[in-house]
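What follows is a single structure, written as structure tokens, with notes after it.
In what follows, every heavy atom counts, from backbone to side chain, and hydrogens, waters and symmetry copies are set aside. For ligands, and for the atoms within them, numbers begin at 1 and follow the listed sequence.
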Amino acid sequence: MSIPVDRTSTPRLDVEAVRHSRLTNTPSDHMFIAEFAHGEWRKARIQPYRPIPIAPFALGLHYAQIVFEGMKAYRRVDERIAVFRTDRHHERFNKSLVRMCMPEVPYDLFADAVHTFVDVERDWVPNGPDSTLYLRPFMFASEERMGVKPADEYLFLVIGGPFRPLYQKPLRVKVERTYSRAAPGGTGSAKCGGNYAAAMYPTKLANQEGFDQVIWTDAINHDHVEESGTMNLAFIINGALVTPALTDTILDGVTRDSVLTIARDSGLTVEERAISVDELAAGIANGTVTEAFGIGTAASVAPIGSITVDGVEHVLDVQPEAIMFDIKRRLNDIRFGHVDDPYGWMNIVGESVAAV
Ligand SMILES: Cc1ncc(COP(=O)(O)O)c(C=O)c1O
């Protein structure tokens, strides 16, 4: 597919500022947009970034048929620009769409939208090691209608902007035992807007108590950990990398899958299983739990420095030689092209080769 590009006549791009990460968390100059109506996708195009008209009765605004992805493009050491794991993000996007009763997006449309957008915005991709172009594909119900029903009309967009990770220093987190992010049979494993709205109030309360984030626990007994903020969780327990097994209350993180793959291939034992709050508290006290970290697109690997359980703080000593930082380095080496990409994760944009 060749997507028509209408370039902005008033670019805001400041190449030097972007390259040196002085310009972050600001939208880039363009956006991709396509419309779904009468059962088909049409009018796919790249246009200048600008507000879009939305009918006040648009179904998505009221009933939250809203699904998104968070992905990144990297400026490699050879100056080529590559998008990380487009296929896996597309797969999750469609799973979320199915759960929210929305039409799936064909792979070609998704990949062309993301890769063409990144190609147009290639000068917006900062230099590494931690800076990237954040990409936000999303879709919502645009049909104007009164009454609850799955919409017949949608908009699919890709927007983005240069980004530096949120979490730099070790996180202080609290185990959440009152509120829930997701319940069995609910939408926890979908990347839909409502999950994030539901998480905001408990997170605000935790912030007011001085915590960076909450660790969500299972909605039934609140005694097993699930995930944290916009990250999956992992621990080093007795030298093994241990992470909560995926359920329908946990988002299947692309970073999680990548970290587990790298960990296994570098000889680490990986366990995907239930992890109780008691196991963590006792393990930190007796020295068997040596590391705790969040894993996700935004932060990549974010160290956790303390976990508070029922008002008792359990402190972890975050050392530079920790296993989590070794895994992060291996992951970044692939992303930024310091080493070969043995898994075919990087999609070079603007060249006929799809993957390296
Ligand atoms: C709730 C939640 N869990 C986990 C993750 C990590 O997923 P990924 O590694 O695909 O970014 C995210 C971020 O997308 C998230 O929003």
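- Listed by atom number, the atoms of ligand 1 under 4.0 Å from G296 heavy atoms are 6 (C), 9 (O), 11 (O).
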Distance-only donor-acceptor pairs under 3.5 Å for side chains of residues 289-296, two or more places apart:
{"from": "T290", "atom 1": "OG1", "to": "I236", "atom 2": "O", "distance (Å)": "3.4"}
{"from": "E291", "atom 1": "OE1", "to": "I323", "atom 2": "N", "distance (Å)": "3.3"}
{"from": "E291", "atom 1": "OE1", "to": "M324", "atom 2": "N", "distance (Å)": "2.9"}
{"from": "E291", "atom 1": "OE2", "to": "I323", "atom 2": "N", "distance (Å)": "2.7"}

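- In terms of protein heavy atoms, atom 4 (C) of ligand 1 is closest to E227 OE1, 3.2 Å.
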Checklist entry - How far apart are the C-alpha atoms of N332 and S300, what are their side-chain angles, what is the distance that settles it, and do they pass the side chain to side chain donor-acceptor pair (under 3.5 Å) test? => result CA-CA 9 Å; N332 273 349; S300 188; 4.5 Å; no

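- At a heavy-atom cutoff of 4.0 Å, ligand 1 is contacted by both the backbone and the side chain of V254.
- Atoms of ligand 1 lying under 4.0 Å from any heavy atom of T297, numbered from 1 in the order shown and given with element: 8 (P), 9 (O), 10 (O), 11 (O).
- Atom CG of D265 and atom CG of L260 lie 11.0 Å apart (nearest 0.5 Å).
- Taking the centre of each ring, F68 and F93 stay at or above the 6.0 Å mark.
- Taking a cut-off of under 4.0 Å to the non-hydrogen atoms of R181, the atoms of ligand 1 that pass are 1 (C).
- Ligand 1 lies out of reach of A298, whose nearest heavy atom is not under 4.0 Å from it.
- Here the options are R136, R92, K191, the test is side chain to side chain donor-acceptor pair (under 3.5 Å), and the partner is E69; only R92 passes.
- By the 6.0 Å and 45° rule, R335 does not stack over the aromatic ring of Y74.
- Inclusion of D252 in the set of residues having an N or O under 3.5 Å from an N or O of ligand 1 is not warranted.
- Remark: D130 CG to K328 NZ distance equals 4.5 Å, nearest 0.5 Å.
- Checking side-chain atoms of R75 against main-chain N and O of V125 turns up a donor-acceptor pair under 3.5 Å.
- Scanning the protein for heavy atoms near atom 16 (O) of ligand 1, the closest one is Y196 OH, 2.5 Å.
- Using a 4.0 Å heavy-atom cutoff, K191 is listed among the residues neighbouring ligand 1.
- For atom 9 (O) of ligand 1, the nearest protein heavy atom (residue, atom name, distance) is T255 OG1, 2.5 Å.
- For atom 7 (O) of ligand 1, the nearest non-hydrogen atom of the protein is G253 CA, 3.4 Å.
- Those atoms of ligand 1 that come under 4.0 Å of a heavy atom in R92, given as number and element, are 7 (O), 8 (P), 10 (O).
- In terms of protein heavy-atom proximity, atom 12 (C) of ligand 1 is nearest to T230 O, 3.1 Å.
- Once rounded to the nearest 0.5 Å, the distance linking CG of L13 with OG of S28 reads 9.0 Å.
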